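Data first, discussion second: the structure below is written as structure tokens.
Any value given below was found using the heavy atoms of this structure, including those in side chains, with hydrogens, waters and symmetry copies removed. Being a predicted model, the structure only gives us computed values, none of them experimental.
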Protein chains: 2
Amino acid sequence: MRRNPERRQALIDAAIEVLAREGARGLTFRAVDAEAAVPPGTASNYFTTRDDLFTQVGGRIYERLLPDEATIARSREGMQDQTRYAELMHELVDRVSAFNSGYLALLELRLESTRRPELRAVLTKRIREDIDANIGHHAASGLPGDTTSVVLLYLALNWLIVERLTLPDIFTEQEIHELVDAAVQRSLNA
Amino acid sequence: MRRNPERRQALIDAAIEVLAREGARGLTFRAVDAEAAVPPGTASNYFTTRDDLFTQVGGRIYERLLPDEATIARSREGMQDQTRYAELMHELVDRVSAFNSGYLALLELRLESTRRPELRAVLTKRIREDIDANIGHHAASGLPGDTTSVVLLYLALNWLIVERLTLPDIFTEQEIHELVDAAVQRSLNA
DNA sequence: AACGTAGTACTACAGATGGAGTGGTGTCAA
DNA sequence: TTGACACCACTCCATCTGTAGTACTACGTT
């Protein structure tokens with residue numbers, strides 16, 4: 001088992017791309033080697049089993065989908081009203097959609113987690129933490145709405161992103177924009 | 001190319017189970033043969049290529065997820081108010097969740113459609129039709145809400161089902177129930 | 001400065017699996 | 001008798017895993 005952390009991370013990031021492009025079943029040691037442009041057999045040295053590889057990717061993927069510190073700091077600026085809320089949600093949708101392969105990889109992981117209990121445990125923990133962080137962040141922000149509105153937005157925007165990434169012709173960009181606005185507005189009305 | 005329609009349908013239904021259980025990459029002719037309990041090589045005789053198999057599954061899967069006539073008829077009964085709307089949405093979520101493998105297979109197909117243009121075209125058409133049917137049905141029903149509320153409900157409930165089926169420990173059954181109610185209630189408030 | 005050692009990169013191979021595609025044979029019904 | 005289909009068998013091919021073994025590099029020791 002090799003320990004070089006940069007290389008390990010490079011392999012995991014390569015695995016994310018493979019997941020998005022080839023699907024869960026296509027995530028093999030060899031495919032990761034090829035994607036990371038390292039000699040065949042390298043991934044075998046860094047992960048004990050495929051299960052291990054999946055689990056480590058599951059631990060990493062969420063870090064890369066979350067906003068960085070600068071983005072979080074920026075989100076606290078300005079009037080914290082509904083207009084600002086909508087603005088932030090547009091940013092969120094665009095940021096996540098932009099890391100196309102990351103979101104698709106996460107979907108693949110979700111589906112794979114129905115077959116891998118370890119992976120399911122990792123993902124459940126990460127996502128539960130993310131939802132709670134969103135709720136906490138919202139509560140501290142002064143933005144309108146309650147816990148329920150945060151969760152409803154989480155639900156609607158996630159599927160909107162799925163729709164955009166998997167079947168882009170279902171909604172136009174214009175419609176997506178309007179749906180984000182509508183989701184913000186209506187989720188706030190208790 | 002064989003034409004026996006019962007057998008073809010049995011093969012496609014078997015393919016749905018394989019998709020849900022093994023993922024898109026696991027959908028092979030041989031796996032379909034095994035699932036349908038027919039001799040190896042049979043699926044090869046019924047589908048020209050794997051692409052063809054995917055496309056035919058994409059055409060069929062949606063039929064099986066939609067409510068049957070009796071359910072649709074029943075949905076028109078009673079007072080068409082918000083309470084009734086929530087009731088119908090609970091039924092919808094439960095019905096779709098119950099056909100577990102069907103919904104998971106559809107997710108696999110969505111992901112696979114990022115790699116298969118033909119499949120994407122089929123799914124886009126089907127899903128667009130379904131959304132439009134929902135909108136039309138809603139408009140004719142006398143239920144409260146507008147087009148936007150129908151679409152927002154579609155978004156939120158879809159992801160709720162994803163959450164329930166892929167990571168069942170994120171939300172409790174109780175929370176899911178409440179979220180459906182909240183989604184109905186808030187989506188109606190323009 | 002020479003040497004030794006540890007950790008890692010890289011290469012190569014053995015063994016195994018599983019699937020695609022196809023041709024052929026048997027069976028049944030019109 | 002003929003045609004469609006079920007069933008079976010075989011070959012070719014692509015890939016993957018696991019691991020053993022070699023080469024390289026950095027670093028500490030004397």
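Nucleotide C/dG19 holds its C1' atom 14 Å from the CD atom of B/E22, rounded to whole Å. Whole-Å rounding puts the A/R8 CZ to C/dT8 P distance at 10 Å. A/E6 has its CD atom 11 Å from the P atom of C/dT8, to the nearest Å.
Comparing C/dC10, D/dA6, C/dT8 against the side chain of B/N4 picks out D/dA6 as the nearest.
Between A/R128 and the choices A/D130, A/D132, A/T124, the side chain to side chain donor-acceptor pair (under 3.5 Å) rule is met once, by A/D132.
In terms of phosphate contacts, B/Y46 brings a side-chain nitrogen or oxygen within less than 4.0 Å of OP1 or OP2 of D/dA6.
In this structure, B/L19 and B/F54 have side chains that are in contact, with non-hydrogen atoms separated by less than 4.5 Å.
With 3.5 Å as the limit, one finds no donor-acceptor pair spanning the side chains of A/D52 and A/T55. For the residue pair A/D94/A/S97, the side-chain donor-acceptor check at 3.5 Å is not satisfied.
Residue contacts shown for A/F47 are absent, as no nucleic acid heavy atom lies under 4.0 Å away.
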With the criterion being N/O to N/O and under 3.5 Å, what pairs connect the protein with nucleotides 20-25 of chain C, and how long is each?
from   : atom 1 : to    : atom 2 : distance (Å)
C/dA20 : OP1    : B/F29 : N      : 3.4
C/dA20 : OP2    : B/F29 : N      : 3.4
C/dA20 : N7     : B/R30 : NH2    : 3.2
C/dG21 : O6     : B/R30 : NH2    : 2.6

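Surrounding CD of B/E69 are at most 12 heavy atoms belonging to other residues, nucleotides or ligands under 6.0 Å away.
The side chain to side chain contact (heavy atoms under 4.5 Å, CB included) test applied to B/S101 returns B/E17, B/A20, B/F99, not counting sequence neighbours.
Closest-nucleotide positions on DNA chain D for B/R7 and B/R25 were compared, and the one nearer the 5' end corresponds to B/R7.
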